[in-house]
Amino acid sequence: MASPADQDDIDPFWEELASLGFQPVQADRKGTVQYARRPNRFLTEWIHDDGAELLFTWEFDLGEFCESVGWQIGAAETSFQILFPQYDVKIARDLEAVAVEVQRLENQMRGLDLSDPSL
């Protein structure tokens, strides 16, 4: 996919997303542009922009993470062990809305304590 900088009509919103670390990855036939941000090597945050609203979602490579810390899932198969939300979030096409979702997700991830007795 051509990056926004390669196009004549640059959407200012693309530059705003870039300020948060999102980079364009691809566009589908309908024109929805997908952006990705990787805060670390296991977590990828996704924005799907159809020009009217955004869909925010994420994926965490759980299998690779477990392998990196010496754990295993089941029969030690690391591929296809992806953690992702049960429901994606529709948000306004607004940088503040994106920042709120990113912060909410990252706070939730930081607060995950696998030794917490209340689990």
Margin query: When you compare the side chain of Arg41 with that of Ser68, does any pair of heavy atoms fall below 4.5 Å?
Written below: yes
Item checked: Cationic N near anionic O, under 4.0 Å, Asp49 to Arg93 -> yes
Check: Looking only at heavy atoms, which two atoms of Ala52 and Asp50 are closest? And how far apart?
Finding: N-OD1, 2.7 Å
Donor-acceptor pairs under 3.5 angstrom involving side-chain atoms of residues 112-119: please list them, not counting sequence neighbours.
| residue | atom | partner | partner atom | Å |
| --- | --- | --- | --- | --- |
| Asp113 | OD1 | Ser115 | N | 3.0 |
| Asp113 | OD1 | Ser115 | OG | 2.7 |
| Asp116 | OD1 | Ser118 | N | 2.8 |
| Asp116 | OD1 | Ser118 | OG | 2.8 |
| Asp116 | OD2 | Ser118 | OG | 3.0 |

Notebook entry, point to check: What's the verdict on side chain to side chain contact (heavy atoms under 4.5 Å, CB included) for Val102 and Phe56, showing C-alpha distance, side-chain angles and the deciding distance?
Noted result: CA-CA 9 Å; Val102 166; Phe56 179 83; 3.9 Å; yes
Item checked: Minimal non-hydrogen separation, Ala92 against Leu54, with atom names -> O-CD1, 3.5 Å
Checklist line | Residue pair Glu45 / Phe22, side-chain heavy-atom distance below 4.5 Å | finding: yes
Item checked: Distance (rounded to the nearest 0.5 Å) between Ile47 CD1 and Leu20 CG -> 8.5 Å
Margin query: The criterion is side-chain hydrogen bond (donor to acceptor under 3.5 Å, both in side chains); which residues satisfy it with Arg104, sequence neighbours excluded?
Written below: Glu101
Note to self: Going by the rule side chain to side chain contact (heavy atoms under 4.5 Å, CB included), which residues pair with Ala36 if we only count those two or more places apart in sequence or in a different chain?
What the structure shows: Val25, Thr44, Trp46
Name every donor-acceptor pair, under 3.5 Å, that has one atom in a side chain of residues 83-91 and the other anywhere in the protein, sequence neighbours excluded.
| residue | atom | partner | partner atom | Å |
| --- | --- | --- | --- | --- |
| Asp88 | OD1 | Thr57 | OG1 | 2.5 |

Next item on the list: Hey, can you tell me if Phe60 and Phe42 have their rings parallel, tilted or perpendicular (30° and 60° cut-offs)?
Entry: tilted
Notebook entry, point to check: Can you tell me how far CG of Leu55 sits from CD of Gln34, rounded to the nearest 0.5 angstrom?
Noted result: 9.5 Å
Next item on the list: Check whether any side-chain heavy atom of Asp61 lies under 4.5 Å from a side-chain heavy atom of Ile82, and answer yes or no.
Entry: yes
Notebook entry, point to check: Is there a path of hydrophobic side-chain contacts, each under 4.5 Å between heavy atoms of I, L, V, M, F, W or Y residues, that connects Val100 with Met109?
Noted result: no
Notebook entry, point to check: Looking at residues at least two apart in the chain, or sitting in another chain, which of them share a side chain to side chain contact (heavy atoms under 4.5 Å, CB included) with Arg110?
Noted result: Gln103, Glu106, Asn107
Margin query: For Tyr35 and Trp14, take the angle between the two ring planes, folded into 0 to 90°, and tell me which bin it lands in: parallel under 30, tilted 30 to 60, perpendicular over 60.
Written below: tilted
